[in-house]
Amino acid sequence: MILGVARGLVGGIAFFPDIKAPPIKAEPVFGIGSLVITNSMLGAMLAFLITILLVSVLTRKLVERPGKLQTAVEYAVGGLYNFAKGAGGSSGASLFPLFAGLFIWLLVNNWIALIPGFGQILVRGPDGEFPLFRAANADFNNTLALALMVFFLIHISGVRTHGIAYFAEFINIPALLKGRVIDFVVGIFHTIGEFAKIISLSFRLFANIYGGEILIAVIVGLAGPIAVVFYGLEVLIVAVIQSLIFGLLALIYISLVSESEEHPGDHNESVPSVQPRLATDSTAPQARPAS
Amino acid sequence: MDAHAAQLLGAGLAIGLGAVGAGIGIGNVSGKAVEGISRQPELKNDLQQVMILGIVFCETVAIYALVVSLILLFVAK
């Protein structure tokens with residue numbers, strides 16, 4: 001019997017329907033003058049509308065004694081706020097709107113793209129049919145735009161905190177004038193590292209979402225119902241973690257450059273709170289292996 | 001070996017070998033995080049946050065490999 005089941009499974013797997021992975025380029029749907037609207041832009045707009053609708057509905061009737069819905073929303077937003085405050089140090093609270101905005105919009109974007117049927121609305125174009133909507137983050141243009149926005153925000157907030165001296169971190173003219181060539185070279189490496197931030201931020205989100213779409217398409221083609229497992233993985237882990245990571249990295253990058261020297265960070269504050277715990281733990285010193 | 005076969009082989013090798021390093025890195029990071037959490041459970045939230053960041057930076061390398069193999073599969077002619 002087991003053999004029969006196995007043979008059935010193999011038979012099922014050996015049946016290859018043509019795997020329809022989305023093309024790497026978003027298809028243009030229509031154009032207004034020279035502005036071309038692609039299907040991923042339509043997807044982004046849809047996510048935008050849903051986010052605005054969600055926020056306006058959820059915050060319409062705020063009362064002093066919250067009901068169930070308001071409590072849930074307050075719990076979620078409060079959790080995000082505490083997360084941002086914990087990650088961003090002294091400027092975490094002021095960067096919360098950016099973090100939460102990025103997170104919620106990206107999450108809505110990733111989730112609506114995973115609703116079955118989202119990519120199945122086909123329209124007829126000049127070269128064949130193509131889907132009307134496409135996950136915005138499965139288009140590199142969208143993630144690149146977001147990464148560029150974060151990049152400029154990092155450096156604008158750096159200049160706002162440190163003034164023109166901020167650029168000495170990258171093109172270290174003062175060190176060169178004093179003859180410290182190594183510091184100057186380190187500054188050049190810093191500059192390259194800054195541009196690597198654009199690449200890593202944009203490619204991480206793009207490749208995760210696009211790779212997820214291909215993964216689901218391939219697994220559906222290979223094994224049919226087993227794709228549900230990967231679907232759950234995409235919905236619960238990849239979509240949430242990648243949205244969170246994009247917002248979190250933007251938050252951390254900006255908070256790193258906007259920390260001024262007057263109060264040297266909250267890192268020193270957290271040390272005394274850790275120390276007593278270490279002391280209480282040392283009642284069982286043999287439990288701690290030498291590392 | 002014709003060009004298309006080399007392309008497919010390259011795509012497979014790119015993501016396969018790229019995933020090795022990222023996998024080792026992610027395993028190291030989360031293993032150490034588990035050690036830390038089991039030693040000091042009250043620091044779980046802080047450690048988890050650092051762990052997620054570390055995992056993401058490891059994963060980025062695999063993502064670069066994925067991009068290369070996607071380019072080989074879909075873009076390169």
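So that the names make sense, note that chain A is the first sequence line, chain B the second, and so on, each numbered from 1.
- A search for side chain to side chain contact (heavy atoms under 4.5 Å, CB included) contacts involving A:Ser255 returns A:Ser91, A:Leu95, not counting sequence neighbours.
- Close approach to chain B, defined as a heavy atom under 4.5 Å from one of its heavy atoms, is seen in A:Gln242, A:Ile245, A:Leu248, A:Leu249, A:Ile252, A:Tyr253 of residues 241-253 of chain A, taken by number.
- Minimum interatomic distance between B:Gln49 and A:Ala87 (heavy atoms only, all atoms of both residues): NE2-CB, 2.9 Å.
- Nearest approach of A:Ala207 to B:Ile63, heavy atoms of both residues: CB-CG2, 3.2 Å.
- How far CG of A:Asn82 is from CG of B:Asn45: 10.5 Å, rounded to the nearest 0.5 Å.
- You'll find the side chain of B:Tyr64 reaches within 4.5 Å of the side chain of A:Ser200, heavy atoms only.
- Residues satisfying the side chain to side chain contact (heavy atoms under 4.5 Å, CB included) criterion with A:His190, sequence neighbours excluded, are A:Glu169, A:Phe170, A:Val186.
- A:Phe203 contributes atom CZ, which lies 10.0 Å from atom CG of B:Leu70 (distance to the nearest 0.5 angstrom).
- For the side-chain hydrogen bond (donor to acceptor under 3.5 Å, both in side chains) condition, the pairs that include at least one residue of residues 140-154 of chain A, sequence neighbours left out, are A:Asn137-A:Asn142, A:Asp139-A:Asn141.
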